[in-house]
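Order of appearance sets the numbers: ligands from 1, and atoms from 1 within every ligand. All values derive from a computational prediction rather than experimental measurement. This chain uses plain numbering: 1 for the first residue, then up along the sequence.
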Amino acid sequence: MNLRHFVSLADLTGTEIRQIIQRAIELKDETRAGTHHDGILRGKALAMIFEKSSTRTRVSFEVGMQQLGGNALFLSPRDTQLGRGEPIEDTARVLSRMVDCVMIRTYEHEKVERFANYASVPVINGLTDREHPAQLLADLQTYFEHRGDIRGKRVAWIGDGNNMCNSYIHAARLLGFTLSAACPEGYDPDPEISAVAGPALELVRDPRQAAQEADLVVTDVWASMGQEDEKSARRQAFSGFFVDAELMRLARPEAVFMHCLPAHREEEVSTEVLEGPQSVVWDEAENRLHAQKALVEFLLAA
Ligand code: CP
Ligand code: NVA
């Protein structure tokens, strides 16, 4: 057994990401055709630690494990010893003796790294302040399904240089597309991640420049979980960073629009775009389920 974690999208190679996406598409098609996959992870258990709220991540991992024949356990700090100060290193070693895989959603990215260092089973990042790699697998799957391989394409990121943006930068480098990220001054993506992106990343200040000739336009909330106190300052800083029909017209006619959700209509995106013909957000949300089944299968087979 070769222990593999998925703390960052950069824990996988571009080839492995493409392999997982193809498998996700296959699992989705087969599931829709009525095939049962409950032999794949029979008897396997996934522990899910949530220190932040979630709808999609929780439901997709839980149902995904069920569809593969395994189990998922929801653990919140409110009713586990984690919330009473038991060290993450101890929790990692204890859970590793009982379950086959652990997913963590938390604030500090370093916490997931520390957990992974002490775990002897695969650890999956279900979102940290720095990255949201599981969402990227679903976004990429969605692009591949709608438009084919993303290699050589132009992706526009509009808004905060947040966890999603950081994971998009890794994706651009690993899969060979260009990410043009338009972020207001002071809200740039992680400098360490940007530093290794090379020509895959273009940092601009004008959303119109980023959207120009884009094949995919992506945005996210202006204030992420944990930034509730910054809401009004952020509302001012991001006022021009709005994805509306006018911005979408600068992109290529066949461009699609994505948002990891939850979305704030008329804040970062207009209702017209979110509900419009270029929006693929519901497929993107559904693909969390299939992409993560392919991910867990990949990690447990390693
Ligand atoms: N996109 C996403 O991760 O959604 P949840 O916060 O609902 O899990
Ligand atoms: N950037 C958002 C994504 C939510 C899925 C956040 O971290 O809250």
ask   = Which ligand 1 atoms, with their elements, are less than 4.0 angstrom from a heavy-atom of T55?
value =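 Counting atoms of ligand 1 from 1, those under 4.0 Å from T55 are 5 (P), 7 (O), 8 (O).
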query = More than 12 non-hydrogen atoms from neighbouring residues, nucleotides or ligands closer than 6.0 Å to CZ on F144, yes or no?
reply =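 For F144, atom CZ is crowded (more than 12 foreign heavy atoms under 6.0 Å).
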Under a 3.5 Å threshold, I'd like every N/O contact between ligand 2 and protein atoms, with atom names and distance.
residue: ligand 2; atom: 1 (N); partner: N162; partner atom: ND2; Å: 3.4
residue: ligand 2; atom: 1 (N); partner: N163; partner atom: OD1; Å: 2.9
residue: ligand 2; atom: 1 (N); partner: D220; partner atom: OD2; Å: 2.6
residue: ligand 2; atom: 1 (N); partner: S224; partner atom: OG; Å: 2.8
residue: ligand 2; atom: 7 (O); partner: N163; partner atom: ND2; Å: 2.8
residue: ligand 2; atom: 7 (O); partner: S224; partner atom: OG; Å: 3.4
residue: ligand 2; atom: 8 (O); partner: M225; partner atom: N; Å: 2.8

query = Are any of the N or O atoms of P262 closer than 3.5 Å to those of ligand 1?
reply =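 N/O-N/O distance below 3.5 Å does not exist for this pair.
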Are side-chain heavy atoms of [X] and [Y] found at a separation under 4.5 Å?
{"X": "Y143", "Y": "F177", "answer": "no"}
{"X": "K52", "Y": "D129", "answer": "yes"}
{"X": "F257", "Y": "V280", "answer": "no"}

query = When you check the side-chain N and O atoms of T219 and E268, is any donor under 3.5 Å from an acceptor?
reply =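 No pair is found: no donor N or O on one side chain lies under 3.5 Å from an acceptor on the other.
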query = Between the side chains of S60 and K293, does any donor sit under 3.5 Å from an acceptor?
reply =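 Distance-only check fails for S60 and K293.
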query = Taking the minimum heavy-atom distance to atom 6 (O) of ligand 1, which of M164, R105, M225, Q135 ranks first?
reply =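 Among M164, R105, M225, Q135, the closest heavy atom to atom 6 (O) of ligand 1 comes from R105.
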message = Which residue and atom name correspond to the protein heavy atom nearest atom 4 (O) of ligand 1, and how close is it?
response =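 Atom 4 (O) of ligand 1 sits closest to the protein heavy atom R56 NE, 2.8 Å.
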ask   = Among all protein non-hydrogen atoms, which one is nearest to atom 2 (C) of ligand 1, and what is the separation to 0.1 Å?
value =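 Protein heavy atom with the smallest distance to atom 2 (C) of ligand 1: R288 NH1, 3.3 Å.
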request  = Kindly indicate whether a cation-pi arrangement holds for R58 with F74, taking the cut-offs as under 6.0 Å to the six-membered ring centre and within 45° of the axis.
outcome  =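 R58 over F74 ring: yes.
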inquiry  = Taking 4.0 Å as the limit for heavy-atom contacts, which would you say applies to H132 with ligand 1: side chain only, backbone only, both, or neither?
reply    =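 Near ligand 1, H132 shows its side chain, while the N, CA, C and O stay back.
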request  = Compute the minimum heavy-atom distance from L261 to ligand 1 and say whether it is under 4.0 Å.
outcome  =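 Checking ligand 1 against L261, which is what was asked, there is a heavy-atom contact under 4.0 Å.
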